[in-house]
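Counting starts at 1 for both ligands and their atoms, following the listed order.
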Amino acid sequence: MEKKIAVLAGDGIGPEVMAQALRVLEAVGQRFGHSFELNEALVGGAAYDEFGVHFPDATKQLCADSDAILFGSVGGPVSEMHLEKWQNCEVNALLGIRKAFSFNCNFRPVKVFPQLRSICPLKEELIKDGIDILFIRELNGDLYFGEKKRFERDGMRVATDLAEYTEEQISSVAKVAFDAAQKRSGRLCSVDKANVLHTSKLWREVVHEVAKDYPDVELEDMLVDNCAMQLIKGPAQFDVVLTSNMFGDILSDAGAVLPGSLGLMASASMNAEGFGLYEPPGGSAQDIAGKGLANPIGQILSVATMLTFSFGLTEEGKCIESAVEKTLEAGFRTGDICGSGESSIGTEQMCDAVLERL
Ligand code: IPM
Ligand code: MG
């Protein structure tokens, strides 16, 4: 198989974890006889330095000409937040790319690796037989993309963000979630605030209409405040969780701490044509950038997700996932996933350990 991949490493730890993930991609290509053409482009602060914008047209064009996008991370250090370069960097880059390619569906898996139960911040008894949740978040609607206003009324500053959903936006992500639930445990939890919000009432209505085509999936509705509570009190109850854009942003971050480190998971943003962007959702971690300390696992698993979702290379994807699990099993730890008394290794050595087990 021959595929073109747009590589957008971005800022902070992005370039260093990306470099390692590409070693894994190369190794898998060699082993299974695929050739991947990698083309790099700038995004975030790195793009701003060169083009004065966070998501340049050249980057957009390269993505459009590719079969998939591998994304690192964007955003600046806290001490430089006042600089123009970093202002609205994440929003411009991420929302820009989501809008440009109509990425309406965001997959964020949250898994407590059996090898890493001890670094899950919850009590052992709450982890039960394991935590393995797939958040599916709508990514093109809601408060994020509705009309925004700022004005004065009676001498007071006022601001509004319109939350809007069309039934088509809801049904399209709902179908993806039902399909995913069918392939997993057959259970789907749809999160809303239907006791208060009109968008949520429509959300619930449409999700139940879609449910009629999936009689084998057990659908549960959950209010978002209750869901936040349940994620801490009983996360093992969840399998696939479907959410709107805003609720999904918050809940998926709450879920993302359960594995013990933000550096462990991959995420995928897809459009209706199956074109996708793959990234570790952990952020640019500028405090440890350039030191060779970052955990490359999230970025490596993003490669696995890309192979599986975009190219249908399931076996190749599994091969990477299993090499990562064996690496954790063998006790290799970067600083973020070190338990007390364990010693840590750097970004490159972690990748070496994965490559040895590939
Ligand atoms: C995320 C991020 C983005 C979002 C921000 C940086 C625009 O928090 O991907 O979850 O809110 O979607
Ligand atoms: Mg977020």
Among the protein atoms near the Mg ion (ligand 2), how many are N, O or S and lie under 2.8 Å away?
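My tally for this metal is 1.
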Are Val176 and Leu242 joined in one hydrophobic group, where the rule is that I, L, V, M, F, W and Y side chains link up if heavy atoms are under 4.5 Å apart?
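Yes.
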With a cut-off of under 6.0 Å to the ring centre and 45° to the axis, is Arg137 in cation-pi contact with Tyr144?
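Yes - Arg137 lies over the ring of Tyr144, closer than 6.0 Å to its centre and within 45° of its axis.
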If you look at each N/O of ligand 1, which protein N/O atoms lie under 3.5 Å away, and at what distance?
from, atom 1, to, atom 2, distance (Å)
ligand 1, 8 (O), Asp249, OD1, 3.2
ligand 1, 9 (O), Arg98, NH2, 2.8
ligand 1, 9 (O), Arg108, NH2, 2.7
ligand 1, 10 (O), Arg108, NH1, 3.0
ligand 1, 10 (O), Arg108, NH2, 3.0
ligand 1, 10 (O), Arg137, NH1, 3.2
ligand 1, 10 (O), Asp249, OD1, 2.9
ligand 1, 11 (O), Tyr144, OH, 2.5
ligand 1, 11 (O), Asp249, OD1, 3.4
ligand 1, 12 (O), Arg98, NH1, 2.7
ligand 1, 12 (O), Arg137, NH1, 3.4
ligand 1, 12 (O), Arg137, NH2, 2.8

Once you measure the plane-to-plane angle for Phe103 and Phe275, does it fall in the parallel (<30°), tilted (30-60°) or perpendicular (>60°) bin?
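Rings of Phe103 and Phe275: parallel, under 30°.
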Describe, in one word, how the ring planes of Phe311 and Phe36 are oriented to each other, choosing from parallel (under 30°), tilted (30 to 60°) and perpendicular (over 60°).
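Judged by the thresholds at 30° and 60°, the geometry between Phe311 and Phe36 is parallel.
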Heavy atoms, side chains only, cut-off 4.5 Å: are Leu258 and Pro235 in contact?
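Sidechains of Pro235 and Leu258: in contact.
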Is any side-chain N of the basic residue among Asp161 and Lys148 closer than 4.0 Å to the acidic one's carboxylate O?
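Counted as a salt bridge, because a side-chain N and a carboxylate O are separated by less than 4.0 Å.
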Please say which of Thr327, Leu355, Val24 ends up in a side chain to side chain contact (heavy atoms under 4.5 Å, CB included) with Ile300.
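Between Ile300 and the candidates, side chain to side chain contact (heavy atoms under 4.5 Å, CB included) is satisfied uniquely by Val24.
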Are more than 12 heavy atoms, taken from residues, nucleotides or ligands other than Glu152, located less than 6.0 Å from that residue's CD atom?
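Yes, because the 6.0 Å sphere around CD of Glu152 holds more than 12 heavy atoms from other groups.
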Answer yes or no: are there more than 12 heavy-atom neighbours, outside His208 itself, under 6.0 Å from its atom NE2?
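Yes, enclosed.
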